Amino acid sequence: MDHVAVLALFDRDMREGAQPDGPGARVERVGGVVRQVAAEHGWNGVVWSDLDESSADKAIAEQIAYYTGLGREFEWKLYGHDLPFDLGQRLRAAGFTAEPEETLMIAEVADLTLDVEPPEGIRFLPVTDRAGVDLVADVHEKAFGTDSSRLRHQLLARLDDPESVVAVVALAGDEPVSAARMELVPGTRFAGLWGGGTVESWRGRGIYRALVAHRARAAVERGYRYLQVDALATSRPILERLGFEPLTITQPHVYQP
């Protein structure tokens, strides 16, 4: 994989050319910034910027003023290759809180190992209704220890558009033990893998790996060329074994009005 070329394509397709990620959201292009403004339970934030040392501080102040005027928390999605090189430092000086770093990993679907099945005793249930969304949200809370209200609302809002998201729950008997989703942006070459989480007592059995392969097959069926993941340190080795390659670092910076 040509890392420089694929990263440039990712920036063009998924960041500079960003599309709204759900009903009620809109993407705005203001000066050197591309941002999303969403409804109450949606994601608000900056997805791309084209800044330099002379324009960065002004742009940061403008985004703070804009979202504060709306009364909304927002995220500046910072990548390791974004300019200026000290953009993260400038964001933190302006009052943003940096969250843990993740690795942007991308794979060409044709190069992935897809013949991975769920471990014995595990079955995958596609999410197609409210009951399935509730299972995903419950697993998310148990696996990550965080509130899943936003995820629940986002998935419910997209149930009527199966070409925008593929969600799946792993069941041991009737017990939900893992869940994941794939977000799709029609007209682009990238499908994003998100939310892959397994409850602690079921980790290390190959469920996460099988969920990645399951979603990769779904991406192939829909004609996507690349899969993208913001990987935590725990999942990066699994993804590398499947064929994903690290391209850069990404680090959310969050501002609360």
Side-chain angles (χ1 to χ4, degrees), residues 19-25 36 38-45 75 77 99-100 102 105 114 116-119 121-186 190-222 224 227-232 234-235 238-239 242 244 252:
Q19 299 179 35
D21 70 0
Q36 175 168 291
E40 180 183 358
H41 297 288
W43 183 87
N44 290 274
E75 175 184 320
K77 185 75 170 170
E99 296 191 342
E102 299 172 329
M105 303 188 74
L114 300 181
V116 180
E117 297 300 326
I122 299 295
R123 61 187 174 94
F124 288 166
L125 175 70
V127 174
T128 59
D129 56 19
R130 179 179 291 271
V133 170
D134 287 340
L135 291 176
V136 171
D138 290 345
V139 169
H140 187 274
E141 290 185 346
K142 292 176 182 176
F144 299 109
T146 56
D147 180 74
S148 62
S149 299
R150 175 182 288 179
L151 172 63
R152 192 186 305 269
H153 284 281
Q154 288 176 332
L155 286 178
L156 285 172
R158 298 171 78 170
L159 280 180
D160 294 333
D161 187 8
E163 293 307 308
S164 70
V165 65
V166 173
V168 61
V169 179
L171 299 173
D174 293 326
E175 179 188 358
V177 297
S178 188
R181 70 188 189 278
M182 176 171 67
E183 297 187 358
L184 308 167
V185 185
F190 294 87
L193 303 187
W194 299 94
T198 303
V199 298
E200 187 172 2
S201 59
W202 285 87
R203 293 172 188 166
R205 307 190 192 195
I207 300 176
Y208 176 82
R209 176 184 173 92
L211 281 171
V212 171
H214 176 87
R215 288 174 289 168
R217 290 192 292 269
V220 170
E221 293 170 359
R222 289 161 173 78
Y224 286 86
L227 283 178
Q228 167 254 324
V229 187
D230 290 347
L232 295 170
T234 51
S235 55
I238 302 171
L239 293 164
L242 285 169
F244 285 78

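No experiment lies behind these values; they were computed from the predicted model shown. Here, residue 1 is the first one in the sequence, and each next residue gets the next number. Atom set for the values below is all heavy atoms of this structure, side chains included, hydrogens, waters and symmetry mates excluded.
- The side-chain hydrogen bond (donor to acceptor under 3.5 Å, both in side chains) check on Thr198 picks up Ser178, with sequence neighbours excluded.
- Partners of Thr128 under the side-chain hydrogen bond (donor to acceptor under 3.5 Å, both in side chains) rule, at least two apart in sequence or in another chain, do not exist in this structure.
- Under the ring-ring contact (aromatic ring centres under 6.0 Å, His included) criterion, Phe190 pairs with Phe10, Tyr226, not counting sequence neighbours.
- For Pro252, the side chain to side chain contact (heavy atoms under 4.5 Å, CB included) criterion is met by Glu75, Glu99, not counting sequence neighbours.
- Applying the ring pair (Phe, Tyr, Trp, His ring centres under 6.0 Å) test to residues at least two apart or on different chains, none of the pairs has a partner in residues 155-186.
- Residues in residues 148-172 take part in these ring pair (Phe, Tyr, Trp, His ring centres under 6.0 Å) pairs, two or more places apart or across chains: His41-His153.
- Every side chain to side chain contact (heavy atoms under 4.5 Å, CB included) that Pro23 has, sequence neighbours left out, goes to Ala157, Arg158.
- Between the side chains of Gln36 and Asp21, at least one donor N or O sits under 3.5 Å from an acceptor N or O.
- Counting only residues at least two apart or on different chains, the side-chain hydrogen bond (donor to acceptor under 3.5 Å, both in side chains) pairs with a member in residues 131-142 are Asp134-Arg152, Glu141-Ser148.
- If you take CG on Leu193 and CG on Asp230, they are separated by 10.0 Å, rounding to the nearest 0.5 Å.
- Evaluation of the side-chain hydrogen bond (donor to acceptor under 3.5 Å, both in side chains) test over residues 200-217, restricted to residues two or more places apart or in two chains, returns none.
- Applying the side-chain hydrogen bond (donor to acceptor under 3.5 Å, both in side chains) test to Glu102 and every residue at least two apart in sequence or in another chain returns nothing.
- Sorted by first and then second residue, the salt bridge (charged side-chain N to carboxylate O under 4.0 Å, His left out) pairs involving residues 163-181 (not counting sequence neighbours) are Arg123-Asp174, Glu163-Arg222, Arg181-Glu183.
- With sequence neighbours excluded, no residue forms a side-chain hydrogen bond (donor to acceptor under 3.5 Å, both in side chains) with Gln154.
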